[in-house]
Amino acid sequence: MVNTAAVILLAALAALVIIGLIVLAVRLTQRPRNHLIGGGLGPALIEQVLHLKATGQFDQAVILVRGETGLSHRAASRLVRKIHTP
């Protein structure tokens, strides 16, 4: 004989897992990790980043890019490294 309490418990656990996965999927699609929030990279921001890099303030340039764009630290660091003077 199958224990009814065990079946109900397993069904409830499966329902919770499915609901949790749905909530996680919705949250991940609403704001991707490296999605640009603001207006992106404008000429003024690039000029500020270049000035900070030229004065040896790489970390400040990364913080500036993160604040203006919403990128993760890793993505902002890569972006700052790739910006060069024209």
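We're numbering straight along the sequence, starting at 1. Remember, it's a predicted structure, so these values are computed and weren't measured experimentally.
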Chemist: Which distance, rounded to the nearest 0.5 Å, do you find between the CG of Leu64 and the CG of Asp59?
Modeler: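 Answer for the CG-CG pair, Leu64 versus Asp59, is 12.5 Å.
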Chemist: Look up atom OG in Ser77 and atom NZ in Lys82, then write down how far apart they are to the nearest 0.5 Å.
Modeler: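 Output value for this atom pair is 12.0 Å.
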Chemist: Taking all atoms of both residues into account, what is the closest heavy-atom pair of Arg66 and Ser72, and its distance?
Modeler: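 Closest heavy-atom pair between Arg66 and Ser72: NE-C, 3.8 Å.
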Chemist: Do Ile63 and Phe58 share a hydrophobic cluster (ILVMFWY, side-chain heavy atoms under 4.5 Å, transitive)?
Modeler: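 Not linked; separate clusters.
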Chemist: List, one per line, each side-chain donor-acceptor pair under 3.5 Å for residues 43-53, sequence neighbours excluded.
Modeler:
unit_1, atom_1, unit_2, atom_2, d
Lys53, NZ, Val80, O, 2.8
Lys53, NZ, Ile83, O, 2.7

Chemist: Each residue besides Val17 in its hydrophobic cluster should be listed here, by chain and number; the cluster joins Ile, Leu, Val, Met, Phe, Trp and Tyr at side-chain heavy-atom distances under 4.5 Å.
Modeler: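 Besides Val17, the hydrophobic cluster comprises Leu21, listed by chain and residue number.
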